[in-house]
Q: 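The structure's right below; bear with me while I get my questions together.
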Amino acid sequence: MAPKRPTLRQDKVPAGWHTRHELQEAWGLSSPRTRELISAALRNGMAKYRTFRIATPTRGIYPTQHYWFKS
């Protein structure tokens, strides 16, 4: 009998944290440009990132980086 895989639970994402795709849509930018801006914000200490498990359309519940920007 094969061992059972643990059931993964989706994390509750706090307000103010967004995925790269959410930011890309909100800013109306291309994927490479969005990555450049996020990377620059992280380097300059204007943003933080954290990984949350969320439901994705193709992978199910999957760890995904979320970003929070200082206001």
Side-chain angles (χ1 to χ4, degrees):
M1 180 174 186
K4 290 186 178 181
R5 294 179 65 174
T7 303
L8 298 178
R9 288 187 298 204
Q10 190 170 342
D11 294 332
K12 186 172 184 178
V13 179
W17 291 84
H18 305 283
T19 65
R20 182 177 51 85
H21 293 291
E22 291 171 346
L23 294 171
Q24 179 180 332
E25 288 180 16
W27 294 343
L29 299 173
S30 66
S31 183
R33 183 64 179 145
T34 303
R35 271 182 279 179
E36 288 173 8
L37 292 176
I38 291 171
S39 294
L42 290 169
R43 275 193 309 273
N44 294 323
M46 298 177 67
K48 295 180 183 180
Y49 78 92
R50 218 170 122 191
T51 303
F52 296 99
R53 289 186 174 275
I54 61 168
T56 60
T58 56
R59 294 181 171 179
I61 297 176
Y62 195 77
T64 305
Q65 284 188 344
H66 286 67
Y67 303 94
W68 175 84
F69 289 83
K70 293 181 181 178
S71 36

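For the numbers below, each heavy atom of this structure counts, side chains included, while hydrogens, waters and symmetry mates do not.
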Q: So if you build clusters from Ile, Leu, Val, Met, Phe, Trp, Tyr with side-chain heavy-atom gaps below 4.5 Å, do L29 and Y67 land together?
A: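 Yes, one cluster joins them.
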
Q: May I have the list of side-chain donor-acceptor pairs in residues 51-58 shorter than 3.5 Å, sequence neighbours left out?
A:
unit_1 : atom_1 : unit_2 : atom_2 : d
T56    : OG1    : R59    : N      : 3.1
T56    : OG1    : G60    : N      : 3.3
T56    : OG1    : G60    : O      : 2.8

Q: Strictly by ring pair (Phe, Tyr, Trp, His ring centres under 6.0 Å), give each pair with a member in residues 25-45 just once, sequence neighbours left out.
A: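 Qualifying pairs: W27-F69.
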
Q: Once rounded to the nearest 0.5 Å, what's the spacing between atom CD of E22 and atom OG1 of T34?
A: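 So the gap between those two atoms works out to 12.0 Å.
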
Q: Output the distance between atom CD (Q24) and atom CG (L37), rounded to the nearest 0.5 Å.
A: 11.0 Å

Q: Taking side-chain hydrogen bond (donor to acceptor under 3.5 Å, both in side chains) as the test, write out the residues that go with Q10, two or more places apart.
A: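 Checked Q10 against side-chain hydrogen bond (donor to acceptor under 3.5 Å, both in side chains); zero matches.
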
Q: If you take all heavy atoms of K48 and W17, which pair is closest and at what distance?
A: O-CZ3, 3.8 Å

Q: For S31, which residues count as a side-chain hydrogen bond (donor to acceptor under 3.5 Å, both in side chains) partner, sequence neighbours excluded?
A: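 With neighbours one apart ignored, the set is R20, R35.
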
Q: To the closest 0.5 Å, what do you measure between CZ (R50) and CD (Q65)?
A: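 These two atoms lie 12.5 Å from each other.
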
Q: Would you kindly confirm whether V13 and W68 end up in one hydrophobic cluster when ILVMFWY residues are joined by side chain heavy atoms under 4.5 Å apart?
A: yes

Q: Which residues pass the side chain to side chain contact (heavy atoms under 4.5 Å, CB included) test with S30, not counting sequence neighbours?
A: P32, R33

